[in-house]
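All remarks here apply to the structure that follows.
Numbers here simply count residues along the sequence, with the first being 1. Counting starts at 1 for both ligands and their atoms, following the listed order.
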Amino acid sequence: MAKKNEVASISRRNFLAATGAATGLGVAAAVAPYPVWSEAREGGLNIHVGPGELDEYYGFWSGGQSGEVRVLGIPSMRELTRIPVFNYCGATGHGLTNETKRILGPDAPLNGDTHHPHPSFTDGTFDGKYLFINDKANTRVARIRLDVMKTDKIVNVPNVQAIHGMRPQKVPYTKYIFCNAEFRMPHPNDGSNMDDNSQYYTMFNAIDAESMEVAFQVIVDGNLDNTEADYSGKYAISTCYNSEEGFTLGETMRNERDWTVIFNIPRIEAAVKAKKFTTLGDSKVPVLDGRKGSKLTMYVPVPKSPHGINSTPDGKYVVANGKLSPTVTVIEWAKVDQWFAGKLKSERDVVVAEPELGLGPLHTAYDGRGNGYTTLFIDSQIAKWNIADAIRSYNGEKVNYIRQKLDVQYQPGHNHTSMGETKEADGKWLMVLCKFSKDRFLPCGPLHAENDQLIDISGDEMKLVHDGPAFAEPHDCEIVRRDIIKTKKIWTRDDPYFADTVAMAKKDGVVLEKDNKIIRDGKKVRVYMTSVAPNFGLNEIRVKKGDEVTVTITNLDQIEDVTHGFTLVNHGIAMEISPQQTSSVTFTADKPGVHWYYCQWFCHALHMEMRGRLFVEA
Ligand code: CUK
Ligand code: CUA
């Protein structure tokens with residue numbers, strides 16, 4: 001114990017010396033720009049990130065049924081920010097401002113069910129540009145710009161219901177976001193044939209990551225659960241838990257084997273180019289038939305209702321997790337090449353191992369040292385197993401491929417290792433997202449938090465080091481090295497996020513960076529003003545009852561962290577205006593009288609005085 005303390009105090013002293021140098025001498029900051037988290041600790045990694053220290057990783061968490069994305073520091077598990085995506089956010093005005101309404105589209109529902117946050121890739125690793133996230137509830141996919149951590153595009157996927165599994169292409173770069181529509185539905189879905197199962201199907205979808213338009217859709221047999229991309233850029237692979245094409249629970253559990261379906265992307269692209277596709281309804285998206293017998297797909301039978309699907313960081317294998325079978329199925333990509341080249345007889349010939357791990361395997365993560373870490377939902381455990389040994393065992397050798405089983409609290413779903421979804425898996429941290437937390441936290445009524453558990457996997461043994469409560473089922477997360485993410489400190493004036501608003505001001509002859517003006521255009525009133533702590537450019541706005549009022553505010557402050565806000569009392573109006581940002585909101589002035597507006601972000605000693613009056617004449 002004494003020895004442990006000594007180690008801790010030495011590393012602390014080193015840390016203090018380092019910060020002292022950084023703050024004392026301006027030049028030192030170039031070498032160590034911020035106090036760094038120190039890795040050393042006897043018998044494992046250090047999870048303590050002290051005041052003023054910065055985490056080593058960004059964690060991107062799905063916000064589950066809240067419809068948002070959360071950003072955490074790892075290993076501290078401090079919540080750094082929340083990124084509103086499909087939800088309404090009362091702090092930033094996401095869902096309310098004109099800039100965010102343009103992104104959400106007309107009549108967008110303000111709920112979402114997010115599961116799978118995934119950063120964009122270049123050459124098999126994260127490039128820090130975008131984060132993508134699905135909305136199962138309303139069949140959407142969103143893109144978040146990581147430089148400002150704002151949602152910048154949302155696409156409604158047509159002709160399908162419930163986008164669930166989602167992964168970006170890893171190689172050569174994220175050209176497509178692959179995403180599964182989970183539920184089969186009748187086609188056309190216009191009420192004409194609701195009972196005829198033979199008219200039901202679902203589709204695999206590819207979204208162009210730059211334009212965020214759907215590039216193609218592929219009809220499949222069965223349904224689609226999770227999906228994954230390979231490390232050659234040629235394939236995507238999805239799990240199907242309903243090969244029975246049943247509607248009830250009993251029906252979907254009948255078969256001992258369901259399957260994974262592999263999509264041959266070059267062949268699909270060639271078919272699209274050769275115009276060998278149809279379209280559905282009003283949609284122009286190319287639709288291809290990838291049902292059994294198609295040259296575009298391959299169906300690999302795997303036991304039973306598989307769920308998660310995860311490529312190994314060495315690029316050689318992909319693992320389908322059995323869920324209702326105690327096994328996971330290891331598929332070798334090189335053999336998939338052979339099958340598509342007509343060199344293998346059976347689809348099962350691509351399977352190179354099927355290790356038995358325990359009850360309810362859902363998802364597998366990797367350490368880059370040849371081991372898999374599989375969540376066992378029913379056993380409430382993580383099984384650490386060796387991939388090479390599992391293959392040996394499948395080939396008849398007597399080897400034990402299980403390395404360790406660790407209890408987790410309780411019922412884990414996804415798990416993720418640091419950088420583990422890339423070729424740069426570094427084998428330091430494992431995050432396990434447990435669905436139940438029961439006795440782990442102070443009770444807060446019947447609805448319990450999830451429990452996100454941090455496990456040190458740097459040594460031979462897994463060590464549980466932290467419990468992290470999380471609201472409304474995150475499902476999934478990503479752990480990204482911090483040097484990959486490069487964020488802006490303040491907005492730049494030419495940012496596309498508010499370019500449409502800037503263009504509208506230009507039409508009104510307004511220079512946003514200096515003008516404070518009210519423009520009347522029939523029953524429409526456009527108010528332009530600046531903000532500089534602690535002042536709005538206008539303290540009075542006069543309009544008439546029934547006017548449609550658009551308030552556009554440009555924050556001229558250039559100092560990092562001086563965000564202003566605009567809240568109009570009793571109107572449900574509030575928005576964020578960060579340094580050098582322009583934000584706008586439109587509402588109807590339907591209540592005669594005086595209504596105060598104020599800055600709701602504490603920005604200055606005179607922040608309370610940053611306010612003005614809206615006069616609505618009867
Ligand atoms: S899913 Cu939830 S535990 Cu939506 Cu990726 Cu597996
Ligand atoms: Cu501006 Cu508070």
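Ionic pairing of Arg140 and Asp135 is present here: one or more N-O contacts between side-chain nitrogen and carboxylate oxygen are shorter than 4.0 angstrom. With respect to the salt-bridge test (charged N to carboxylate O, under 4.0 angstrom), the residues Arg82 and Glu68 qualify.
Aromatic rings of Phe536 and Tyr597 (six-membered ring for Trp) have centroids within the 6.0 Å cut-off, being under it. Residues His607 and His564 keep their aromatic ring centres 6.0 Å or farther apart. Centroid-to-centroid, the aromatic rings of Tyr235 and Phe263 stay 6.0 Å apart or farther.
Taking 2.8 Å as the threshold, Trp601 counts as a candidate ligand of atom 2 (Cu) of ligand 2, since one of its N, O or S atoms lies below it.
His607 has its closest N, O or S atom to atom 2 (Cu) of ligand 2 at the position named ND1. The closest approach of His475 to atom 2 (Cu) of ligand 1, by N/O/S atoms, is made by ND1.
A distance-only check finds no donor-acceptor pair linking the side chain of Asp367 to the backbone of Thr417 [under 3.5 Å].
Using a 4.0 Å cut-off between heavy atoms, Glu473 makes no contact with ligand 1 at all. Under 4.0 Å from ligand 1, not a single heavy atom of Asp476 appears.
Residue contact check: His164 has heavy atoms under 4.0 Å from atoms 1 (S), 4 (Cu) of ligand 1. Those atoms of ligand 1 that come under 4.0 Å of a heavy atom in His414, given as number and element, are 1 (S), 3 (S), 5 (Cu), 6 (Cu). Every atom of ligand 1 is numbered from 1 in the order shown, and the set under 4.0 Å from a heavy atom of Gly413 is 3 (S). Within ligand 1, counting atoms from 1 as listed, the ones closer than 4.0 Å to a heavy atom of Asn226 are 5 (Cu).
When SG of Cys599 and SG of Cys603 are joined through atom 2 (Cu) of ligand 2, the resulting angle is 120° to the nearest 10°. Vertex atom 6 (Cu) of ligand 1, arms ending at NE2 of His363 and NE2 of His307: the angle is 90° after rounding to 10 degrees.
Protein heavy atom closest to atom 3 (S) of ligand 1, with residue, atom name and distance, is Lys435 NZ, 3.4 Å.
Between the side chains of Trp385 and Thr374, at least one donor N or O sits under 3.5 Å from an acceptor N or O. Looking at Thr554 and Thr582, their side chains do bring a donor and an acceptor atom within 3.5 Å of each other.
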